[in-house]
Amino acid sequence: MKQRLLIVEPSEVIAEGLKAILEGQIRFKVLEPERSADRLEERLLALRPDVLLINPTLIDNTAPLRTEGPMALVALVYQYVEREQLKAYDAVVDIRDSRATIIETLAQASPSEGKADDNNYELTKRETAVLIELAQGKTNKEIADALSVSVHTVISHRKNITHKTGIKSVAGLTVYAMLNNLIDESSAVK
C-alpha cells in the first residue's frame with residue numbers, strides 16, 4: 001500500500017520539484033502540495049497523510065500536528081534551523097540531498113517502515129554505514145562528506161540508530177559496532 005505524502009512548502013519550485021521526484025516512486029502517493037500552514041489542520045483532517053514533509057519555518061510548534069493519528073513528521077530544510085526545533089521531527093530531508101537519500105529518509109520515517117511497528121530494530125544499510133563512520137571517530141560533517149549526504153541526514157540517521165539500539169553514547173555505539181562485527185578493534189576510536 002502506498003504511503004500518502006503531503007508536502008508543505010511555500011516555494012512552488014521546491015514543492016513541485018520534490019513532487020516530481022517522489023511521484024514516480026511505488027511507495028508514495030504524493031498529494032497536492034500545500035503552500036502555507038494556514039489551512040494545514042483542515043487538510044490533515046481531510047487527507048490523513050502517512051508522511052508530512054514540511055518546512056519547519058512555517059510552524060512554531062509540532063504538537064498540534066501530532067494529534068492527527070499515526071503520521072511521520074519530516075522536516076524539509078534548506079536554510080539554518082535550530083537543532084532543538086529539529087528534534088521534534090521523525091527525520092530531516094535537506095533539499096541538497098540526493099534523490100536516493102531523500103527517498104530513503106522518507107521511507108524510513110513512514111509509519112509502515114518501522115515507526116508504527118516498534119519491533120523493527122534492524123539498522124538499514126545507510127544507518128550501518130553511519131554507525132561504522134561514527135565508530136571510527138568521525139564527526140557528523142566528516143560522515144556527511146564521506147557518504148555524500150547532508151549533516152542533517154547524518155543527524156537523522158544517528159537518531160534512528162539511537163532509537164533502534166537504545167544506545168546514546170558514541171563509546172556505546174562503538175562497542176555495539178565491534179560486537180556486531182561491523183568494525184575491528186584497530187579501526188575503532190581509541
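We use all heavy atoms of the structure for the numbers below, so side chains are in, but hydrogens, waters and symmetry mates are not.
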Set of residues satisfying salt bridge (Lys or Arg N to Asp or Glu O under 4.0 Å) with respect to [X], sequence neighbours excluded:
| X | answer |
| --- | --- |
| Asp94 | Arg96 |
| Arg43 | Glu34 |
| Glu42 | none |
| Glu82 | none |

Which residues share a side-chain hydrogen bond (donor to acceptor under 3.5 Å, both in side chains) with [X], sequence neighbours left out:
| X | value |
| --- | --- |
| Ser98 | Thr101 |
| Arg4 | none |
| Ser150 | Asp97, Thr153 |
| Lys19 | Glu32 |

Could you measure the distance from the [atom1] atom of [X] to the [atom2] atom of [Y]? Nearest 0.5 Å is fine.
| X | Y | atom1 | atom2 | value |
| --- | --- | --- | --- | --- |
| Gln136 | Leu131 | CD | CG | 10.0 Å |
| Arg158 | Glu127 | CZ | CD | 13.0 Å |
| Ile143 | Glu133 | CD1 | CD | 6.5 Å |
| Asp90 | Leu106 | CG | CG | 11.0 Å |
| Leu182 | Tyr176 | CG | OH | 7.5 Å |
| His157 | Leu123 | NE2 | CG | 11.0 Å |

Test item: [X] and [Y] side chains (from C-beta on) under 4.5 Å apart, heavy atoms:
| X | Y | answer |
| --- | --- | --- |
| Ile155 | Lys87 | no |
| Leu45 | Glu41 | no |
| Pro49 | Leu5 | no |

Sub-3.5 Å donor-acceptor pair from the side chain of [X] to the main-chain atoms of [Y], do we have one?
| X | Y | value |
| --- | --- | --- |
| Gln3 | Val51 | no |
| Glu142 | Thr139 | yes |
| Arg126 | Leu147 | yes |
| Ser156 | His152 | no |

Would the number of heavy atoms belonging to other residues, nucleotides or ligands and lying under 6.0 Å from NZ of Lys159 be above 12?
yes
Are more than 12 heavy atoms, taken from residues, nucleotides or ligands other than Gln79, located less than 6.0 Å from that residue's CD atom?
yes
Taking all non-hydrogen atoms of both residues, which atom of Ile167 and which atom of Leu173 are closest, and how far apart?
CG2-N, 3.5 Å
What closest approach, in Å, do Phe28 and Ala107 show between heavy atoms, and which atom pair accounts for it?
CZ-N, 3.8 Å
Taking only distance into account, with no hydrogens and no angle test, what donor-acceptor pairs under 3.5 Å do side-chain atoms of residues 6-18 form with protein atoms, sequence neighbours excluded?
| unit_1 | atom_1 | unit_2 | atom_2 | d |
| --- | --- | --- | --- | --- |
| Glu9 | OE1 | Asn55 | ND2 | 3.0 |
| Glu9 | OE1 | Tyr78 | OH | 3.4 |
| Glu9 | OE2 | Ser11 | N | 2.9 |
| Glu9 | OE2 | Tyr78 | OH | 2.7 |
| Ser11 | OG | Ile14 | N | 3.3 |
| Glu16 | OE2 | Arg35 | NH2 | 3.1 |

Using the rule given for side-chain contact (heavy atoms from CB on, under 4.5 Å), can you reason through Val92 versus Thr105, listing the C-alpha separation, both sets of side-chain angles and the distance that settles it, and then say yes or no?
CA-CA 7 Å; Val92 177; Thr105 301; over 6 Å; no
If you group Ile, Leu, Val, Met, Phe, Trp and Tyr whenever their side-chain heavy atoms sit less than 4.5 Å apart, what else falls in with Tyr80?
none
Can you pull out every salt bridge (charged side-chain N to carboxylate O under 4.0 Å, His left out) where at least one residue sits in residues 145-157? Sequence neighbours excluded, please.
Lys141-Asp145
With sequence neighbours left out, write down each residue that passes side-chain contact (heavy atoms from CB on, under 4.5 Å) with Ser148, or none if nothing qualifies.
none
